[in-house]
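Structure record follows, encoded as C-alpha cells.
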Amino acid sequence: MIQAAITGTGLYTPPQSISNDELVACYNAWVERYNRDNAAAIAAGSVPALQASSSEFIFKASGIRSRHVVDRDGILDLDSMRPRIPLRADDEPSLMCEMGVTAAREALARAGREAGDVDLVIVACSNMQRGYPAIAVEIQHFLGAGGYAYDMNVACASAAFGIQAAVDAVRMGNARAALVVSPEICSGHLNWRNRDCHFIFGDAATAVLVEPAAEARSARRFDVLGTRLRTQFSNNIRNNFGFLNACERPQRPWDDVLFHQEGRKVFKEVVPLAAELMIGHLGDLGIEPASVRRFWLHQANLGMNQLIAKRVLGREPDAAEAPVILDEYANTSSAGSVIAFHKYQDDLRSGDVGVLCAFGAGYSVGSVVMKRV
Ligand code: CO8
C-alpha cells in the first residue's frame with residue numbers, strides 16, 4: 001500500500017472577534033431587559049428569572065477568553081443576538097465555500113501544490129449551510145480541483161474522520177492528492193441567549209492536504225503512521241435542526257434546533273473515550289505514549305484537554321505537549337484540533353511523533369498518529 005503523508009495545512013480566521021467581557025455585557029443587558037419585561041410573571045412565580053453570566057466563570061470553566069466570528073455586530077445586537085449573514089445568489093460562492101477555499105489555498109501553497117493537482121475534496125465539519133449540492137463539490141469547483149468531492153458530518157471529530165477517508169483514498173491509489181476542508185460557522189448554530197453555552201463556540205476554517213509520501217514536495221511533511229475512529233451513541237450533545245423541522249407536528253421550540261448539551265456528562269464520558277482510543281492506538285503501533293512530542297487535541301475545554309493528555313502521558317502535560325488555541329478561538333468544532341496542528345508543528349524535528357485527536361457529538365472520536373519526516 002502507498003504511504004500517505006500530510007504535506008500542508010491551512011487556516012482561515014475571521015477578522016472579527018468578541019472578548020468574554022463584550023459577550024457577557026451583551027448577554028447581561030439582554031437578561032436585564034428580559035427580567036424587566038417579565039417582571040410581573042417572575043414575581044408571580046410563573047416564569048423563572050434569568051441569571052447573569054460572567055467572564056470569570058467562562059474562563060475558569062472553559063479556558064476561553066475570546067472567539068472569532070463571521071459577524072460580531074449581529075451577535076452583539078440585543079434584538080438579534082445571532083450573526084447576520086447576507087443572502088447570496090445561487091451562483092455566488094457560499095460563505096462556507098469562501099472560508100474553505102481560503103484555508104485550502106494556504107494548505108496547497110504550503111505543500112507546493114496547485115489546485116489542479118487535487119483529485120479529492122472532502123468537506124468534513126459539524127454544520128452544512130445547505131443540503132445540496134455538497135459544499136465539497138462547490139469548493140472543488142471554485143478552487144479549480146479535479147476528481148471527486150463529498151461532504152461528511154461527524155461533529156467535532158469530523159476532521160479526524162475526513163483525514164482517515166483521505167488517507168485511505170491515497171493509500172489505495174484512488175486519489176493522488178486529497179484535501180480535507182473543515183469550514184465551521186458555529187456561531188450560526190449557537191444559542192447566544194443560553195447562559196450555559198453562549199460562550200462556547202467560534203468560527204474558523206481549516207484544510208489538510210494528504211498525498212503519497214513519495215510524491216511530496218513539502219519539506220515539512222508528516223507521514224501518517226495510522227488512523228483510528230470510534231463512535232458510541234449519546235444524546236448529551238444534540239442539535240435537532242434538520243429538513244423535517246418544517247413538517248414536524250407539533251413544531252419544535254426555536255432553541256431545540258440549535259446546539260444544546262449536558263456539558264458535565266460530556267466532560268466525564270468523553271475524557272476516557274478519547275484517552276483510551278489514543279492509548280490503544282499508540283500501543284498497537286508500538287509507540288510509547290511518553291515518547292509522543294505533541295498532542296493536537298480537539299479544543300472544547302482546557303480542563304478536559306489537560307485531563308486527556310494526563311491520562312495518555314501518565315503525568316501532567318506541559319504547554320508545549322498539548323498546545324491550546326481555545327483561549328483565542330473558543331471551540332471551533334472540527335477545525336479546533338487542526339488549528340492547533342497548523343499553528344504548532346514547525347518546531348518539531350525529524351522523527352518526532354505527534355497525535356491529532358478530535359472528539360465530540362455522536363459521541364465520535366478519532367486519532368491520527370503521524371511522524372515528522
Ligand atoms: N456564567 C456564570 N455562571 C454560569 C454560567 C455562566 N455563563 N453558566 C453556568 N453557570 C453556573 C451554573 O448555573 C452552575 O451553577 P450551580 O452550581 O449553582 O448550579 C455552575 O455555573 C456550574 O455549571 P456547569 O455545571 O454547567 O459548569 P461546568 O463547570 O460543567 O462548565 C462547560 C460548563 C464549560 C460547558 C463544561 O461542562 C464543558 O466544557 N464540558 C465539555 C463540553 C464539550 O466538550 N462539548 C463538546 C461539544 S462540541 C461538539 O461535539 C460539536 C457540536 C457541533 C458544533 C455545533 C456548533 C454550535
Side-chain angles (χ1 to χ4, degrees), residues 20-21 23-28 30-31 48-65 67 69-70 75 82-83 96 124-129 153-161 182-205 231-242 255-274 297-308 324 326-327 329-337 357-366:
N20 285 347
D21 285 349
L23 186 73
V24 165
C26 170
Y27 180 85
N28 288 350
W30 178 74
V31 165
L50 296 182
Q51 306 296 314
S53 182
S54 90
S55 295
E56 295 70 36
F57 170 85
I58 294 171
F59 182 66
K60 198 161 158 256
S62 69
I64 296 166
R65 291 186 192 277
R67 67 284 296 142
V69 290
V70 295
I75 294 166
R82 54 172 46 180
M96 284 186 75
C125 65
S126 284
N127 294 295
M128 304 296 167
Q129 73 177 90
N153 173 359
V154 202
C156 293
S158 296
F161 280 65
S182 301
E184 291 285 12
I185 309 175
C186 300
S187 62
H189 258 206
L190 178 57
N191 182 353
W192 297 90
R193 290 181 170 158
N194 179 336
R195 175 176 175 258
D196 290 342
C197 66
H198 76 117
F199 55 88
I200 290 181
F201 290 102
D203 304 331
T231 51
Q232 178 184 305
F233 186 64
S234 167
N235 277 316
N236 289 329
I237 313 169
R238 198 165 168 111
N239 182 338
N240 284 317
F241 174 80
D255 54 353
D256 194 39
V257 295
L258 295 172
F259 167 89
H260 46 281
Q261 71 167 353
E262 296 284 343
R264 280 268 157 110
K265 287 188 188 160
V266 173
F267 194 114
K268 211 170 132 231
E269 292 168 9
V270 171
V271 165
L273 264 184
L297 302 179
H298 171 49
Q299 307 276 319
N301 179 293
L302 180 58
M304 199 169 172
N305 283 17
Q306 286 168 338
L307 205 54
I308 291 170
V324 175
L326 178 71
D327 50 345
Y329 284 83
N331 181 347
T332 51
S333 193
S334 63
S337 55
C357 181
F359 38 85
Y363 297 130
S364 49
V365 192

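Indexing begins at 1, ligand by ligand and atom by atom, following the structure's order.
At least one side-chain heavy atom of L50 sits less than 4.5 Å from a side-chain heavy atom of W30. The closest side-chain heavy-atom distance from I58 to S53 is below 4.5 Å. You'll find the side chain of H298 reaches within 4.5 Å of the side chain of N331, heavy atoms only. Side-chain contact between N239 and N127 is present, with at least one heavy-atom pair separated by less than 4.5 Å. Considering only heavy atoms from C-beta on, F259 stays 4.5 Å or farther from N194 through its side chain. Under the 4.5 Å side-chain criterion, counting only non-hydrogen atoms from C-beta, S337 is not in contact with L297. Proximity of F359 to I308: side-chain heavy atoms (C-beta onward) are separated by under 4.5 Å at one or more points. You'll find the side chain of H198 stays beyond 4.5 Å of the side chain of R193, heavy atoms only.
Of the protein's non-hydrogen atoms, A61 CB, 3.7 Å is the one closest to atom 31 (O) of ligand 1. Closest protein heavy atom to atom 21 (O) of ligand 1: F57 CE1, 3.1 Å. Looking only at protein heavy atoms, the nearest one to atom 45 (N) of ligand 1 is Q261 OE1, 2.8 Å. In terms of protein heavy-atom proximity, atom 48 (S) of ligand 1 is nearest to C156 SG, 3.2 Å. Of all protein heavy atoms, the one closest to atom 36 (C) of ligand 1 is N301 ND2, 3.8 Å. For atom 3 (N) of ligand 1, the nearest non-hydrogen atom of the protein is R195 NH2, 3.1 Å.
Atoms CD1 and CG, on I185 and D203 in that order, are 6.5 Å from each other to the nearest 0.5 Å. In this structure, OG in S364 is found 8.5 Å from CG in N153, a value given to the nearest 0.5 Å. Between atom CG of residue N236 and atom NE2 of residue H260 there is a gap of 10.5 Å, rounded to the nearest 0.5 Å. Note that the CG atom of N28 and the CD atom of Q51 stand 10.5 Å from one another [nearest 0.5 Å]. Atom OG of S234 sits about 10.0 Å away from atom CD of Q261, to the nearest 0.5 Å.
Distances from atom 13 (O) of ligand 1 to the protein include at least one heavy-atom value under 4.0 Å. Protein non-hydrogen atoms do reach within 4.0 Å of atom 53 (C) of ligand 1. In this structure, atom 39 (O) of ligand 1 is in close contact with the protein, since a protein heavy atom lies within 4.0 Å of it. Atom 19 (O) of ligand 1 lies below 4.0 Å from none of the non-hydrogen atoms of the protein. Closer than 4.0 Å to atom 42 (C) of ligand 1 lies at least one heavy atom of the protein.
Contacts of C186 with ligand 1, taken as heavy-atom pairs under 4.0 Å, involve both backbone and side chain.
Near N331, meaning under 4.0 Å from any of its heavy atoms, are these atoms of ligand 1: 48 (S). Residue-ligand proximity, S54 to ligand 1, at heavy-atom distances under 4.0 Å covers atoms 1 (N), 2 (C). The distance from ligand 1 to the heavy atoms of A300 drops below 4.0 Å at these ligand atoms: 44 (O). Close approach to D196 involves these atoms of ligand 1, each under 4.0 Å from a residue heavy atom: 8 (N), 9 (C). Against a heavy-atom cut-off of under 4.0 Å, M304 is close to the following atoms of ligand 1: 41 (C), 44 (O). Counting the atoms of ligand 1 from 1 in the order shown, those under 4.0 Å from a heavy atom of R264 are 25 (O), 27 (O), 28 (P), 29 (O), 30 (O), 37 (O). The ligand atoms of ligand 1 that sit less than 4.0 angstrom from a heavy atom of A361 are 49 (C), 50 (O). Distances below 4.0 Å separate heavy atoms of N127 from the following atoms of ligand 1: 55 (C), 56 (C).
In terms of polar-atom proximity, defined here as any N/O pair under 3.5 Å, H298 makes no such contact with ligand 1. Annotation: H189 places no N or O atom under 3.5 Å from an N or O atom of ligand 1; distance criterion only. By the 3.5 Å distance cut-off applied to N or O atoms, F359 is not counted among the residues near ligand 1.
The closest side-chain donor-acceptor pair between Q299 and Y329, if any, does not fall under 3.5 angstrom.
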